[in-house]
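Have a look at the structure below before the remarks.
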Amino acid sequence: MYVEIVRRYRASSGERRPLRTAAAVGTATMLGAVGVGVVTGGGVANADLLCGYSTPAADSGTEVDAIKQLKASYFQNIDAKNWDGLRDLLAPDVVEDTTCSAGPIFYGRDPFIAFLKLTLGAANTHHQGYDPHIHLTSATTAEGLWTLEDVLIFGGTVGVHGYGHYNDRYSKVNGQWIVKYSKLTRTRLDLINPDGTVIQANAPIDAVVAAVKKVTGG
């Protein structure tokens with residue numbers, strides 16, 4: 001099911017990146033869309049070594065505070081499964097790039113939210129963004145870097161504890177800041193129990209795929 005959904009999204013967007021094997025795509029792409037990076041044998045895979053992130057200058061002031069609140073609401077709405085609230089924070093033509101976390105690129109907020117509903121709707125999630133660097137590039141545009149730490153629990157039996165960075169671009173429309181572009185780059189993934197104890201640190205993707213697939217049947 002997950003494979004076919006990704007195929008349809010890629011076909012509509014014109015993406016031609018080849019799909020991996022069924023086991024990897026079924027769960028790894030599901031996880032990638034919510035931020036789990038491709039890892040092989042412990043550590044970041046070669047493809048992900050090309051995925052860096054940039055740190056903009058850090059500004060301050062009321063506009064920067066509003067953007068920080070925007071991102072906080074972004075995480076809160078995902079964790080609360082408040083999809084309508086999340087939709088209001090995204091530009092209609094937002095680009096959500098998860099290629100550096102094992103997923104596709106989503107063009108538009110509706111396909112992105114539909115995929116989040118599918119992959120995270122039944123999961124217990126907790127996202128934290130911190131150490132923001134927000135730079136105002138004009139009166140109505142800005143860019144930012146966030147450090148991410150998140151916990152995703154599937155079926156109440158197994159989870160992942162992930163780390164990474166978001167590079168974002170924002171626009172101010174009708175007096176409100178919204179997300180125009182967001183790229184997630186993963187740096188580490190731990191396989192965990194629901195109580196937070198670590199099953200396997202810096203886990204290879206096949207271990208994560210097997211553990212989550214066993215719970216979700218993905």
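Residue numbers count from 1 along this sequence.
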Evaluation steps, side-chain contact (heavy atoms from CB on, under 4.5 Å), between L148 and Y130:
CA-CA 7 Å; L148 170 73; Y130 53 95; over 6 Å; no
Begin from the C-alpha positions of T185 and N167 and carry the test side-chain contact (heavy atoms from CB on, under 4.5 Å) through to its verdict.
CA-CA 8 Å; T185 298; N167 268 123; 5.8 Å; no
Please report the C-alpha distance between E96 and Y107 in whole Å, then the side-chain angles of each, then the deciding distance to 0.1 Å, and finally whether the side-chain contact (heavy atoms from CB on, under 4.5 Å) criterion is met.
CA-CA 7 Å; E96 293 279 352; Y107 299 92; over 6 Å; no
side-chain contact (heavy atoms from CB on, under 4.5 Å) evaluation trace for W146 with Q128:
CA-CA 9 Å; W146 292 82; Q128 284 188 309; over 6 Å; no
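Under the rule for a side-chain hydrogen bond (donor to acceptor under 3.5 Å, both in side chains), D84 has no partner lying at least two apart in sequence or in another chain. Judged as a side-chain hydrogen bond (donor to acceptor under 3.5 Å, both in side chains), and not counting sequence neighbours, the contacts of Q69 are S73.
Between V179 and Y170, some side-chain heavy-atom pair lies under the 4.5 Å cut-off. Counting heavy atoms from C-beta outward, F154 and L152 have side chains that approach closer than 4.5 Å. P132 has its side chain out of reach of L145: every pair of non-hydrogen atoms, C-beta onward, lies at least 4.5 Å apart. Residues V158 and N193 fail the side-chain proximity criterion, which asks for heavy atoms closer than 4.5 Å.
The nearest pair of heavy atoms linking V173 to I178 is CG2-CD1, 3.9 Å. When every heavy atom of G156 is checked against every heavy atom of P194, the shortest pair comes out as O-CG, 3.2 Å. Nearest heavy-atom pair, S54 versus P56, reported as atom, atom and distance to 0.1 Å: O-CD, 3.5 Å. Contact record, G121 with W83: CA-CZ2, 4.4 Å, taken as the closest heavy-atom pair.
Taking CG of L70 as the start and CG of D65 as the end, the distance is 12.5 Å to the nearest 0.5 Å. In this structure, OG on S182 lies 12.0 Å from CZ on F106, to the nearest 0.5 angstrom. One distance of note links CG of D97 with CG of L184; it measures 9.0 Å at 0.5 Å rounding. Atom CG of D150 and atom OG1 of T125 lie 8.5 Å apart (nearest 0.5 Å). Once rounded to the nearest 0.5 Å, the distance linking CG of N202 with CG of L191 reads 11.5 Å. For the atom pair CZ (R87) and CG (L116), the distance works out to 13.5 Å, reported to the nearest 0.5 Å.
K81 places a side-chain N or O within donor-acceptor distance of the main-chain N or O of A123, the cut-off being under 3.5 Å. Side-chain atoms of T147 never come within 3.5 Å of backbone atoms of H165 as a donor-acceptor pair (strictly under, hydrogens ignored). Within the 3.5 Å criterion, the main-chain N or O of H127 finds a donor-acceptor partner in the side chain of D79. Side chain of D93 to main chain of G108: no donor-acceptor pair is present (N/O by atom type, distance under 3.5 Å, no hydrogens or angles). Although no hydrogens or angles enter the test, the distance criterion places a donor-acceptor pair under 3.5 Å between the side chain of R109 and the main chain of L90. Between the N82 side chain and the G85 main chain, a donor and an acceptor come within less than 3.5 Å of each other. The backbone N or O of T197 lies less than 3.5 Å from a partner atom in the side chain of D195, making a donor-acceptor pair.
Ring to ring, Y163 and H161 are close: their centroids are under 6.0 angstrom apart.
Residues L120 and Y74 are members of one and the same hydrophobic cluster, defined by side-chain heavy-atom contacts under 4.5 angstrom among Ile, Leu, Val, Met, Phe, Trp and Tyr. One hydrophobic cluster, built from ILVMFWY side chains closer than 4.5 Å, cannot hold both V215 and I153; they sit in different ones. A continuous path of Ile, Leu, Val, Met, Phe, Trp and Tyr side chains, each step under 4.5 Å between heavy atoms, connects F115 with I113, placing both in one hydrophobic cluster. No continuous path of hydrophobic side-chain contacts links V160 to V151 [ILVMFWY only; heavy atoms under 4.5 Å].
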List the atom pairs, with distances to 0.1 Å, where a side-chain N or O of residues 57-64 and a protein N or O form a donor-acceptor pair under 3.5 Å, not counting sequence neighbours.
{"residue": "D59", "atom": "OD2", "partner": "H135", "partner atom": "ND1", "Å": "3.0"}
{"residue": "D59", "atom": "OD2", "partner": "L136", "partner atom": "N", "Å": "2.8"}
{"residue": "E63", "atom": "OE1", "partner": "K172", "partner atom": "NZ", "Å": "3.2"}
{"residue": "E63", "atom": "OE1", "partner": "W177", "partner atom": "NE1", "Å": "2.7"}
{"residue": "E63", "atom": "OE2", "partner": "K172", "partner atom": "NZ", "Å": "2.9"}

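Within 6.0 Å of the OH atom in Y53, the count of heavy atoms belonging to other residues, nucleotides or ligands does not exceed 12. The number of heavy-atom neighbours closer than 6.0 Å to CD of Q176, taken from other residues, nucleotides and ligands shown, is 12 or below.
In this structure, K71 forms a cation-pi arrangement with Y166, its terminal cationic atom sitting closer than 6.0 Å to the ring centre and no more than 45° off the ring axis.
A side-chain N or O of T141 and one of S138 form a donor-acceptor pair less than 3.5 Å apart.
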